[in-house]
Amino acid sequence: MEHTRCLIIGSGPAGYTAAIYTTRAGINSVLISGMQPGGQLTTTTTIENFPGFPEGIDGFQLMENMRQQAVNVGADVRDGLVTAIELGTRPFVATLDGGAQIEADTVIVATGASAKYLGLADEKKYAGQGVSACATCDGFFYRKKVVAVVGGGDTACEEATYLSNLCSKVYMIVRKDYLRASKAMQQRVAERENIEVLYNTNTVGLFGENGVEGAHLVRFKGTDKEELFDIAIDGFFLAIGHKPNTDFLAGQIETDEAGYIVTDKVTTATNVEGVFAAGDVADPHYRQAIAAAGTGCRAALDAERYISTHSL
Ligand code: NDP
């Protein structure tokens, strides 16, 4: 069976950064890219908050650059999926789609998290044309425009507050008659005059000729007060939570209630010795590309230290 000293799973900023660091440290490592090579950034447009690019950079291009940089320093970057991994053995054994298996002395899990969507066909239809799941990434493109944020949790409140600094008006579409967010976040929303919260409201669809121009909504769905109405918006932001991509681990690594991998805080070590986690899969708080790249670096250094301590 093929053997690597470090198997990196995932090809977002965390995965590629880990590959660059491990390879430069002389550790032969294999990176398996996952379902969406390049990760979440490949679905955004221009990225203006990743340092080093004064004019901003296209998200897809940024990830291509990272991949090329990893390849240039000698990392073995492969497209494919890790469908299962056995963490009870030493070395670990990963199974790839297609059935091939790789033995690994260390593993860096950098599989990211996926934003949850409502499941409307229009979300796909207008992807990149007014539908976004990241206000920090895309809010800038909606300056002085009208947007809606779906959700009533802390993320939704945070995104709505962020957008209210840029946009002329922000609707919050909240399915219940209250916000689930913390009192402090609710207060911040209440203080913004240009945020209007639409309670008891669900989204039925989106419309527009050239990108999103509005949303079809329903209030008091399924009751005798049910009411259909439309709002005119330029942007539709999902903030209904994220799902960390950990299914393939089959419960072998400790996660929190929401499924994020728990690391030991000081390092990127998980509860399984020799397995490290980096990027959004272990980060419920920041979820930024630059933060993910930083933890990718840390995971690589942690793996390198583990390898040398254990003479692997
Ligand atoms: P949450 O799960 O807390 O909230 C999700 C929100 O989306 C809820 O209002 C929920 O509605 C709504 N929702 C879920 N599914 C649907 C749907 N299909 N249609 C309509 N609405 C839907 O997720 P968050 O991302 O907001 O937060 C995740 C965690 O991160 C939380 O623990 C949060 O406290 C934390 N966090 C903390 C921050 C901070 O402290 N600054 C900032 C951001 C996040 P309902 O209430 O009806 O279930």
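Excluded from the calculations below are hydrogen atoms, water molecules and symmetry mates; all remaining heavy atoms, backbone and side chain alike, are included. When a ligand or atom number is given, it counts from 1 through the structure's own listing order.
Shortest contact from atom 19 (N) of ligand 1 to any protein heavy atom: Leu118 CD2, 3.3 Å. Scanning the protein for heavy atoms near atom 30 (O) of ligand 1, the closest one is Pro284 O, 4.5 Å. The protein atom (non-hydrogen) at minimum distance from atom 38 (C) of ligand 1 is Asp154 CB, 3.6 Å. Closest protein heavy atom to atom 9 (O) of ligand 1: Gly152 N, 2.8 Å. At the shortest separation from atom 17 (C) of ligand 1 among protein heavy atoms lies Arg175 NH1, 3.4 Å. The shortest contact between atom 23 (O) of ligand 1 and any protein heavy atom is with Gly241 CA, 4.0 Å. At the top of the distance list for atom 3 (O) of ligand 1, counting protein heavy atoms only, stands Arg180 CD, 3.4 Å. Nearest to atom 44 (C) of ligand 1 among the protein's heavy atoms is Thr155 OG1, 3.4 Å.
Within 4.0 Å of atom 32 (O) of ligand 1, not a single protein heavy atom is present.
For ligand 1, none of its N or O atoms has an N or O atom of Met185 under 3.5 Å away.
Looking at Asp234, its side chain never comes within 3.5 Å of a backbone N or O of Lys145 through a donor-acceptor pair. With hydrogens and angles ignored, the 3.5 Å screen pairs no side-chain donor or acceptor of Asn28 with any backbone N or O of Thr4. A donor-acceptor pair is defined here as one N or O able to donate and one able to accept, closer than 3.5 Å; such a pair exists between the side chain of Thr42 and the backbone of Gly39.
Counting atoms of ligand 1 from 1 in the listed order, those under 4.0 Å from a heavy atom of Lys176 are 45 (P), 46 (O), 47 (O), 48 (O).
Ring geometry for Phe207 against His216 counts as tilted: the plane angle lies between 30° and 60°, on a 0 to 90° scale.
Distance check: Arg78 CZ to Ser11 OG gives 14.0 Å after rounding to the nearest 0.5 Å.
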Give the table of side-chain donor-acceptor pairs shorter than 3.5 Å for residues 101-110, with sequence neighbours excluded, one pair per line with atom names and distance.
| unit_1 | atom_1 | unit_2 | atom_2 | d |
| --- | --- | --- | --- | --- |
| Gln101 | NE2 | Thr95 | OG1 | 3.0 |
| Asp105 | OD1 | His3 | NE2 | 3.0 |
| Asp105 | OD2 | His3 | NE2 | 3.4 |
| Thr106 | OG1 | Arg5 | O | 2.7 |

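Partner of Asp280 under the side chain to side chain donor-acceptor pair (under 3.5 Å) criterion, chosen from Gln288, Arg287, Gln40, His242: Gln40.
Judged as a salt bridge (Lys or Arg N to Asp or Glu O under 4.0 Å), the pairs with a partner in residues 190-204 (not counting sequence neighbours) are, in order, Lys169-Glu196.
Across His242, Glu158, Arg188, Glu257, heavy-atom proximity to atom 39 (C) of ligand 1 is greatest for Glu158.
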